[in-house]
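Since the structure comes first, as structure tokens, the remarks are kept for the end.
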Amino acid sequence: MRLVIKYGGTSISTTKDIQKIAKYLSSLSKNNQIVVVCSAMSGTTDDLIEISESIKRENKSKAEQLAAKIINRHKQLAKQTIKKSDIQKKLLQKLDQDFTELLALIDGMVLLGEVTPRSMDYLISFGERLSIKLISSSLNDYGKKSIPLTGKEVGIVTDSNFGESKPLMDTSRLRISKIVESLFEKKTVPVVGGFAGADQHGHVTTFGRGGSDYSATIIGSCIKADEIWLMSDVDGLMTADPKIVKNAKLLKEVSYIEAIEMALFGAKQIHPRTFEPLLSKKIPMKIRSSFNVKNEGTLVSATPSKAAKNTVKCVSNVRNNGLIDIRGGSMVGNPGTAAKIFETLAKSGINVMMISQNPSESSITIVVKNTDLDKATNSLEMELLGKIIKKLEVTTNVAIIALIGSGMRGTVGVASRVFTAIQKNKVNVSMITQGSSELNLAFVVKNSDTNTAVRALHDEFTLDKIN
Ligand code: ASP
Ligand code: MG
């Protein structure tokens, strides 16, 4: 089989884990063509972002201190993980080149005293540049031919939208397939850095946080992979967060559209664009545990089997949001009101998670993250209060509870079962949305009611008996 296997940062952060994975991959690669995609080691991207913050605050010593932390961690891991001295020596030399470049970049940014979107992407791409060298050398250590490649080196070409770039798929396909095919011919395993690519001018770009998942599917689509595996510290997608529901079950099969919904709301965070490259080629994806490899995990495909078409598949929750109820008489029958509200929020870079408007048009309710609430309220007041808006009512610390499953479409009585179960548990619901796709029924409760609501619905739809 031709496989793209992506590892999250938490799976590749200790000597033991890296060795286990390298051993597994080298045996897997005997009968399969594999491309490995890696995130940065856990915490590295956060540290790099903190370096950028320190540069903005002109705190050079803090930036250098954080860089030293990253450098030491990788050096130490290289020494502990790689047994063969010639391989270890070569690895340390290659890492040293990256360290020199990282320190020079930080110096340059400090000198300029500014962090541009372009320099930011260049800076935060270093985590993957370092991790791939460790993993690839570990494969060498187990006797497997392998080379590390950054997203740019493997041929991922993107637009120049730094921080949130999109791939130019046709150009990328030509470059990636040529590079990867020639490595496959040489029985060499490419270990590719996720998260980043480069624009047409060769400037490093990133896909946004968690973007390594997206890198894996971009590459998988370009080389016509048979399957893509996302390996991390969870067994797969679950019927609910197992920390809340003791008898939560692993979902064996879900469709792409269900997985997209679950990725947005679920415990397993997946980059929202991840599934895009798979849709047209219908490449199946497995969400699996890095170490519990006997477990097949969750299969995500275009056409899950009949048995997997339950009405409701999972109940997920996102805590710590804020709800803003926007009211005003002049909003009624006034085209463009919603546009003005959302334009104002967009200008302030606020991501709106839920929207509802009642048919009388006298109020629009939105949900944003708690951390965005201040900015959202402020920009709405500054721009629109006294004009189209009369009043804002803000509630902090609310949770979104979402019921997901494509079988809900056209099934009568789901909503009534949901709200009866919720009401029986004396939980108050402050907002409800359901898209016309009927794939997702979501509502808002107080943070403190989250567990009760999730458990009530898990029970109501007997999700513990799902498979
Ligand atoms: N290293 C990047 C991040 O932490 C990308 C990823 O992990 O997928 O966001
Ligand atoms: Mg990640």
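Every number for a ligand or one of its atoms is a count from 1 in the order of the listing. These figures come from a predicted structure and were not determined experimentally.
- Side chains of Ser406 and Glu258: a donor on one and an acceptor on the other come within 3.5 Å.
- A search for side chain to side chain donor-acceptor pair (under 3.5 Å) contacts involving Ser42 returns Ser13, not counting sequence neighbours.
- For a threshold of 3.5 Å applied to N or O pairs, the pair formed by Arg209 and ligand 1 contains at least one separation below that value.
- Between Gly210 and ligand 1 there is a heavy-atom distance shorter than 4.0 Å.
- The contact set between ligand 1 and Thr45, taken as ligand atoms under 4.0 Å from a residue heavy atom, comprises 1 (N), 2 (C), 3 (C), 4 (O).
- With ligand atoms numbered from 1 in the order given, ligand 1 contributes 6 (C), 7 (O), 8 (O) to contacts under 4.0 Å with heavy atoms of Ser39.
- In terms of polar-atom proximity, Glu128 is counted as a contact of ligand 1, with an N or O under 3.5 Å from an N or O of the ligand.
- Under the rule for a ring pair (Phe, Tyr, Trp, His ring centres under 6.0 Å), the partners of Tyr214 that lie at least two apart in sequence or sit in another chain are Phe207, His271.
- Residue Gly211 places a heavy atom less than 4.0 Å from ligand 1.
- Side chain of Asn32 to backbone of Leu28: a donor-acceptor contact under 3.5 angstrom is found.
- When side chains are defined from C-beta on, Phe342 counts as touching Leu345, because their heavy atoms get closer than 4.5 Å.
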